[in-house]
Structures are given as C-alpha cells and as structure tokens.
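Following: one structure in structure tokens, then a few remarks.
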Number of protein chains: 2
Amino acid sequence: MPKSSELKATIYDVAELAGVSLKTVSRVINKEPNVRGSTRDKVHKAIEQLQYQPSPSARGLAGSKSFLIALLYSNPSSSYVTRAQQGALEACGAEGFGLLIQPCDYQSPDRVGELLHRLKESRVDGAILTPPLSDNPQLQQRLADENIACVCVAPRTGEQGGLSVCCDDERAAQQITEHLLAQGHSRIGHILGHPDHSVSQQRLRGYERALLAQGFEVDRSLIQQGRFDFVSGKQCAEELLDLSQPPTAIFASSDDMACGALVAAHERGLKLPGQLSVVGFDDSPQAAQCWPALSTVRQPISEMVSSAARLLIGELRKQPPDDIQSTFQCQLHLRDSVSPPE
Amino acid sequence: MPKSSELKATIYDVAELAGVSLKTVSRVINKEPNVRGSTRDKVHKAIEQLQYQPSPSARGLAGSKSFLIALLYSNPSSSYVTRAQQGALEACGAEGFGLLIQPCDYQSPDRVGELLHRLKESRVDGAILTPPLSDNPQLQQRLADENIACVCVAPRTGEQGGLSVCCDDERAAQQITEHLLAQGHSRIGHILGHPDHSVSQQRLRGYERALLAQGFEVDRSLIQQGRFDFVSGKQCAEELLDLSQPPTAIFASSDDMACGALVAAHERGLKLPGQLSVVGFDDSPQAAQCWPALSTVRQPISEMVSSAARLLIGELRKQPPDDIQSTFQCQLHLRDSVSPPE
DNA sequence: TGACCAAATGACAGCGCTGTCAATTGATGA
DNA sequence: TCATCAATTGACAGCGCTGTCATTTGGTCA
C-alpha cells in the first residue's frame with residue numbers, strides 16, 4: 001500500500017502510465033464524450049493502479065468551478081436539518097462534490113447580503129434551498145445574479161420555474177385529518193405553523209379539505225396561529241382547551257407544537273388519548289419519545305434533499321435533466337396519541 | 001455596486017492598485033510578518049475598494065492547502081450534532097475556513113478506511129473529532145499518517161497528547177447526583193451510557209463519587225447498562241422499577257434515556273415526579289418538551305467545538321498555541337422532573 | 001561617512017488541472 | 001483509390017496564487 005510519504009500521483013503520472021495525453025485523462029475523469037472505450041479503460045486502469053485522486057483545487061482553478069454546493073437552511077428543527085444533511089451528503093459523496101452547510105436567518109435582508117458574501121467567498125457552484133428559504137424569491141434572484149445555480153426543496157405549488165423537489169404536504173395533512181375523522185372525532189382543532197412558511201398554508205388546506213369532504217364545516221375558532229415551536233404549540237392548545245366547547249382532537253402542524261399540546265393537556269390532568277387525541281407533523285425524534293407516542297406524518301426529507309442535490313449537480317454538469325422537478329409522498333406514522341373520543 | 005458580470009478582481013489587480021508587488025499582497029492576506037504597517041494599510045484599502053476575495057482554489061493549489069476542515073461525528077443525537085456544527089461553523093467563518101461535515105460509523109474498521117478516503121479526496125487540512133470518535137486511537141493514528149491535523153473534543157482524561165478540548169462530565173454528573181441527594185433521595189438508580197463511549201464511565205464516576213461523599217454505598221443493582229438511546233433507557237428503567245426495592249430517583253446518562261424512563265414510569269401509572277424523580281444529561285430539546293420537563297445537564301457543546309476549531313486552525317497556521325487544551329464546565333438546568341420522594 | 005545587517009519587498013517559476021484549438025485517425029462514399 | 005468528414009486525441013497556454021530566493025531599503029555603529 002502506497003504510503004502518504006510518497007508524493008501524490010498527478011494527472012501527468014496517469015497519462016504517462018496509460019500512454020495517453022494529459023487531456024485524454026482529463027476527459028475520462030470528467031466523463032466527457034468522444035473517448036474510445038478502450039482508451040477509457042486504459043486510463044481507468046492507470047488511475048486505479050496509482051490510486052490517483054484529482055486535486056479539487058487544481059480542477060477548480062483551471063475550470064473556475066469549486067465542486068462545492070451549499071445546503072442553506074434556516075433553523076427548522078435540528079432533526080430536520082440532520083435529515084436534510086444526510087440526504088445532501090449522500091448525493092454529494094456519490095457525485096464527487098463537497099457539501100458546505102450554511103445556516104441562516106431567513107428574514108433580515110442584511111443577512112441575505114451576509115449569506116451571499118459567504119457563498120461567494122467559498123465560491124460554491126450551487127445551493128440547495130430548504131423551506132422557508134425556498135419561499136424567498138428575493139434570495140433566489142440574488143443567487144441567480146451571482147450566477148449560483150439553485151434548487152428548491154419546497155412544498156408543492158403549481159408555479160415553480162426552476163429546479164425543485166416537493167412533497168405533498170396538503171395531501172398528507174388531509175390524510176392525517178381523515179384518520180382523526182375516522183376515529184369518530186368531529187371537533188378537531190388545528191394549530192397552524194409559522195405564518196411565513198408556505199407549508200403552513202398547505203397543511204391548513206389539507207385539514208380543511210378533509211373536513212369539507214366529510215360534510216363538516218370549518219370552524220375558525222378551532223384554528224390557532226402557532227409558530228412551529230413547542231411554546232407556541234402549548235399556548236395554542238391552551239386556547240383551544242379553554243373553549244366552552246373544546247375540540248376532542250388536535251392536529252398540530254409540527255411535532256414540537258404537538259408536544260406542547262400534549263403537555264398542556266397533561267397539566268390539566270386530561271387523560272390521553274381518551275380525552276384528547278393529538279397528531280403532529282414531521283416525525284421528529286420526540287414523536288416517538290413523548291407520552292403518549294405521537295401519531296404523525298413523516299416526510300422523506302433525506303430522499304428529497306438527496307434528489308434535489310442530484311438535480312443540482314446534473315444542472316452544473318449541464319446534463320439534460322430527466323425531470324425539472326419531482327414530487328415525493330409523505331407517510332403516516334400512527335402511534336398511541338389517537339383514540340376515539342370518550 | 002460592482003455587478004458580478006464584471007470579472008472578479010484578482011490579487012494582481014490589488015497589487016496594481018496598491019502600487020506593490022503580487023507577493024506583498026499575498027503577505028498581507030496571509031497575515032505574514034515583515035510587512036510595513038503603511039504598506040499593509042495601502043493593500044487593505046485596495047482590497048476593500050475592489051471587493052477582492054482570494055480564490056480558495058488558487059491558494060489551495062499554490063500552497064497545497066485546502067482551507068477546509070472536517071467535522072467528524074458518529075451519530076450522537078441530532079441536537080448534539082447541530083450544536084457542534086454551529087460552533088465549528090462559527091469558528092470557521094471567522095477564520096476564513098470552510099467546514100465539511102462527515103458523519104461516520106465509528107466502529108467497523110473498513111469504515112475508517114472509507115472515511116479516510118473521503119477526507120483525502122476532499123483534501124481537508126484538518127479534522128475535529130467528537131465523541132466517541134475521539135476515543136478511537138486507531139483513527140487518530142491513521143489521520144496522523146495521512147498528515148491530517150486533528151483536534152479532539154473529548155471527556156477529561158489525564159492522558160491526552162495532542163490538541164483537545166474537554167468538558168468535566170464527571171463533575172457535572174456528581175453535581176446532578178448531589179441535587180437528587182439534596183432532595184432527600186437515597187436510592188438513586190443510574191442508567192449507563194453506551195459502553196463504548198468513554199463519557200459513560202466519566203458520568204458513572206461522578207455518580208459514585210457523589211454517593212460516596214455523602215456516606216452512601218454504591219449499590220450495583222441500581223446500575224443498568226444502557227446505550228444512550230430512548231429504547232435502552234426505557235428498558236433499563238423498567239428493570240429498575242421491577243426491583244423489589246425500586247429507586248426513588250433515576251439519573252440517566254442521556255436525555256433520550258431519561259425520556260425512556262419517564263415513559264416507563266407513565267406506563268406504570270406512577271405519579272411524576274412524586275413517585276419517581278428523573279434526571280438526564282445533554283439538555284436536548286426533548287428535555288424541555290417532555291412531561292414533566294427534565295432536569296438535566298447542559299454541556300457547552302457549541303463553545304467547545306468552536307474552541308476546538310480555533311485550536312486546530314491555529315495549529316494549521318503554525319501559530320504557537322496559547323494552550324494545547326482547554327476545559328469547559330457543564331451547567332445544571334433544573335426543571336420539573338425532580339421532587340423529594342413521597 | 002561608509003560598511004554592514006536585518007527588514008521589507010519583488011521577480012519568477014510552477015502548483016495540477018481544463019479550455020481552446022489544432023492534428024491525427026479511421027470510416028465512408030464517390 | 002482518394003477526398004471528405006466526424007470522431008478521437010494531443011499541444012499548450014494560463015487559471016490565481018504561494019514558495020524560493022534575490023534585491024532593495026533604511027537604520028545602526030564604528
């Protein structure tokens with residue numbers, strides 16, 4: 001096994017060993033067309049033999065690319081971030097790209113400037129935008145101005161232009177509401193997500209659609225404005241439980257908020273799920289660890305982001321994209337937090 | 001404002017504008033000594049004016065560095081990872097380094113090979129090892145062989161040679177156990193962390209020390225072997241609660257396991273915290289969201305990793321390190337999961 | 001005043017690769 | 001058979017910077 005004390009092989013060594021020119025090796029490495037199969041094989045053999053690894057710096061300098069893409073996120077739950085990273089990493093690893101992570105405050109406009117500065121500094125070739133960053137057209141415009149390719153991980157909306165992957169939040173929300181309905185609940189509260197996140201609207205729509213489809217009316221007093229976090233979930237649940245005719249079930253737009261609802265109910269001494277059924281959205285680790293364990297919806301975050309990364313990398317390679325966008329489905333995870341109303 | 005359509009300024013443009021040579025600009029950028037103050041100022045002014053940003057690729061190629069460091073972790077909780085990333089990111093951002101994240105399976109040796117391959121491929125200059133990776137001497141040796149600098153984020157043990165930051169787990173474990181003791185508990189169960197993580201031992205030691213200091217004996221039957229995760233925590237708690245003389249309090253070596261204990265107790269209809277007090281370790285998001293909210297220990301993870309990154313970068317810059325290692329203290333976060341025994 | 005020396009600065013090659021464009025090859029059809 | 005042309009391959013410059021080593025500067029001391 002070659003020790004690292006021996007100098008690293010360069011493309012030149014490979015060319016010599018394979019008996020071809022520099023440029024031909026370069027073509028093989030970059031999977032360019034117009035290389036004879038037999039030549040390609042020779043080169044691959046030489047690469048193998050020398051354990052050659054191209055230098056990202058040299059490639060970057062010569063080709064003015066960085067082979068780096070950034071994953072931009074604005075602090076959703078840490079489990080969301082972790083799962084997204086996992087997906088991005090997987091795709092990047094397979095495609096020979098590096099991944100730079102970049103948390104950012106999605107609102108303040110000066111932060112956008114700072115973010116762009118960072119991205120330019122590291123010379124990333126492209127960026128993956130996760131919600132709610134993908135809801136921000138200004139950011140996308142600025143990225144385009146800077147000539148940074150981008151792909152959005154976004155809820156399903158008709159109007160997307162560029163690369164994107166989405167997930168059918170509305171349908172999932174409808175399904176989980178239907179699950180509650182099927183258990184016999186008719187007064188179902190809903191705790192909205194953060195108003196600036198477009199997913200919040202999607203999920204509300206699913207909720208409404210389920211009710212309407214079964215002939216129920218949408219009662220505005222059963223809908224509270226949350227902000228996706230535990231504290232807001234708890235507060236909203238308290239409001240709902242204080243109603244003269246409180247709901248027998250609550251659908252919270254995130255697991256964190258659903259946990260808040262659980263705690264609010266516990267504090268009032270309610271028996272769960274008998275006196276209050278609760279469902280969440282996200283399938284965060286908490287969902288399985290709270291009491292009772294939450295029924296919730298799992299988005300295929302890792303797969304979505306991985307797919308987004310591949311889309312982006314394909315674009316950077318100027319490969320004709322198979323699909324400009326793809327849609328993923330969520331999955332219900334039913335646990336112990338739902339029962340028929342007492 | 002210069003549009004990106006104009007070509008990016010190069011070091012050459014800066015040199016010309018400042019009226020100095022290429023090399024002098026390079027010296028200023030790299031904070032090398034032996035540059036006159038007035039010269040430095042001229043250069044900085046020119047950099048400012050041109051909005052010059054050095055090209056990482058060119059610097060990397062010419063200097064055979066990458067200005068990239070890797071954060072290696074082996075799937076502790078996602079909140080741990082997120083907080084560690086945050087710290088690393090902060091330091092890297094400030095120091096002009098890029099951060100590559102690298103989850104990895106810490107055990108299988110072939111994985112170590114794969115990991116090294118990836119690190120070599122991306123040509124990182126250094127790596128930050130978080131527990132339990134920092135417990136693996138083989139990995140450290142291999143990194144050294146490959147000439148990749150590294151710094152360990154590790155529990156406090158006397159024997160460290162290289163760069164490291166640590167945290168006094170033992171002391172924190174002792175303190176939280178003392179808290180339980182102070183509430184009047186005398187039969188305190190302990191759920192150990194994963195046997196392969198050295199922190200598990202540290203925390204056990206703190207637990208034992210607290211008991212001994214107050215004149216209690218360490219009762220082996222009150223100590224269960226967990227694996228840091230929720231499921232093992234729940235199982236261990238069940239074992240403890242099945243004892244003919246069950247403990248009145250449990251100190252779990254992680255919040256996930258403490259949540260497991262909480263659920264086990266709920267399932268038996270115990271009144272919490274009256275009939276069972278529980279404390280955890282980590283201050284994960286769950287800790288504040290479960291019921292009752294967990295008293296736990298918070299490690300300054302972000303600060304530790306940030307400090308580790310700075311240590312590493314200093315080393316890479318060949319700056320004389322202020323300290324080869326530094327120690328951080330944990331903080332108790334007391335919430336609602338502890339009360340005197342009924 | 002000049003010799004001497006460290007500090008400050010500069011000239012230049014070259015890091016390892018890709019883009020451009022030119023040269024070669026080999027197959028095809030007249 | 002030879003011109004023709006696409007497919008394949010190669011030569012070479014140059015991406016933007018840093019390392020090495022040479023040169024200049026300015027101060028100090030005899």
Side-chain angles (χ1 to χ4, degrees), chain A residues 6-44 46-47 50-68 96 98 120-123 125 316-318, chain B residues 6-44 46-47 50-68 96 98 120-123 125 316-318:
Chain A
E6 299 171 23
L7 266 38
K8 265 215 162 273
T10 71
I11 197 175
Y12 187 80
D13 302 320
V14 176
E16 195 171 39
L17 181 60
V20 299
S21 78
L22 260 189
K23 183 63 214 191
T24 298
V25 178
S26 168
R27 286 196 179 93
V28 172
I29 295 171
N30 294 291
K31 303 199 173 75
E32 287 175 29
N34 298 338
V35 177
R36 212 187 306 268
S38 59
T39 311
R40 198 190 311 276
D41 291 344
K42 274 194 300 187
V43 172
H44 275 139
I47 288 178
L50 294 171
Q51 296 215 33
Y52 168 70
Q53 289 181 314
S55 148
S57 293
R59 298 220 288 168
L61 179 56
S64 46
K65 297 180 207 108
S66 67
F67 300 95
L68 248 31
K120 284 167 64 181
E121 192 177 2
S122 51
R123 301 285 214 281
D125 293 334
L316 291 173
R317 293 216 180 107
K318 301 192 165 56
Chain B
E6 300 170 24
L7 265 40
K8 266 215 161 273
T10 71
I11 198 173
Y12 187 81
D13 302 319
V14 176
E16 195 170 39
L17 181 60
V20 298
S21 78
L22 257 190
K23 184 63 216 191
T24 299
V25 178
S26 169
R27 287 196 178 93
V28 172
I29 296 172
N30 294 292
K31 302 198 174 74
E32 287 175 28
N34 297 338
V35 177
R36 211 188 306 270
S38 60
T39 310
R40 196 190 310 278
D41 292 343
K42 274 193 302 188
V43 172
H44 275 138
I47 288 178
L50 294 171
Q51 297 215 33
Y52 168 70
Q53 289 181 314
S55 149
S57 292
R59 299 221 284 169
L61 179 56
S64 48
K65 296 179 207 113
S66 67
F67 300 95
L68 248 30
K120 284 167 64 181
E121 190 176 4
S122 50
R123 301 285 215 281
D125 293 335
L316 292 173
R317 293 216 180 106
K318 302 190 164 59

Practice task
Working to the nearest 0.5 Å, report the span between CZ of B:R123 and CD of B:E121.
Solution key: 9.0 Å

Handout entry: Nucleic acid contacts - residues 18-34 of chain A versus DNA chain D, non-hydrogen atoms under 4.0 Å
Key = A:V20, A:S21, A:K23, A:T24, A:R27, A:N34

Handout entry: Nearest non-hydrogen partners of B:S57 and A:K65, listed with the distance
Key = OG-O, 4.2 Å

Fill in the blank from the handout: Separation between NZ (B:K8) and CG (B:D13), nearest 0.5 Å, reads 11.5 Å

Side-chain donor-acceptor distances from residues 24-35 of chain B under 3.5 Å, at least two apart:
residue: B:T24; atom: OG1; partner: B:S21; partner atom: OG; Å: 3.3
residue: B:N30; atom: OD1; partner: B:R59; partner atom: NH1; Å: 2.9
residue: B:N30; atom: ND2; partner: B:S26; partner atom: O; Å: 2.8

Completion exercise
Residues passing the side-chain contact (heavy atoms from CB on, under 4.5 Å) test with A:A58, sequence neighbours excluded, are A:S55, B:L61

Exercise for the section: Could you check whether A:T39 gets within reach of a base, just the sugar-phosphate, or nothing at all, counting any heavy atom under 4.0 Å? Expected result: sugar-phosphate

Practice task
Determine whether more than 12 heavy atoms belonging to other residues, nucleotides or ligands lie under 6.0 Å from atom CD of A:Q53.
Solution key: yes

Problem - Along DNA chain C, first and last positions that approach a heavy atom of chain B under 4.0 Å - result: C:dA8 to C:dG16

Handout entry: Global bending angle along the helix from C:dT1-D:dA30 to C:dA30-D:dT1, which compares the axes of five pairs at either end, to 10 degrees
Key = 40°

Completion exercise
Rounded to the nearest 0.5 Å, the CG atom of B:L22 sits from the CD atom of B:E16 at a distance of 10.5 Å

Exercise for the section: Give A:S64 one of three labels, base, sugar-phosphate or nothing, depending on what nucleic acid heavy atoms sit under 4.0 Å from its own. Expected result: nothing

Fill in the blank from the handout: In this structure, CD1 of A:I11 is separated from CG of A:L50 (nearest 0.5 Å) by 12.0 Å

Completion exercise
Correct closest heavy-atom pair for A:V20 and A:T39 would be CG1-CG2, 4.1 Å

Exercise for the section: Under the salt bridge (charged side-chain N to carboxylate O under 4.0 Å, His left out) rule, collect the residues that match up with B:R36, sequence neighbours excluded. Expected result: none

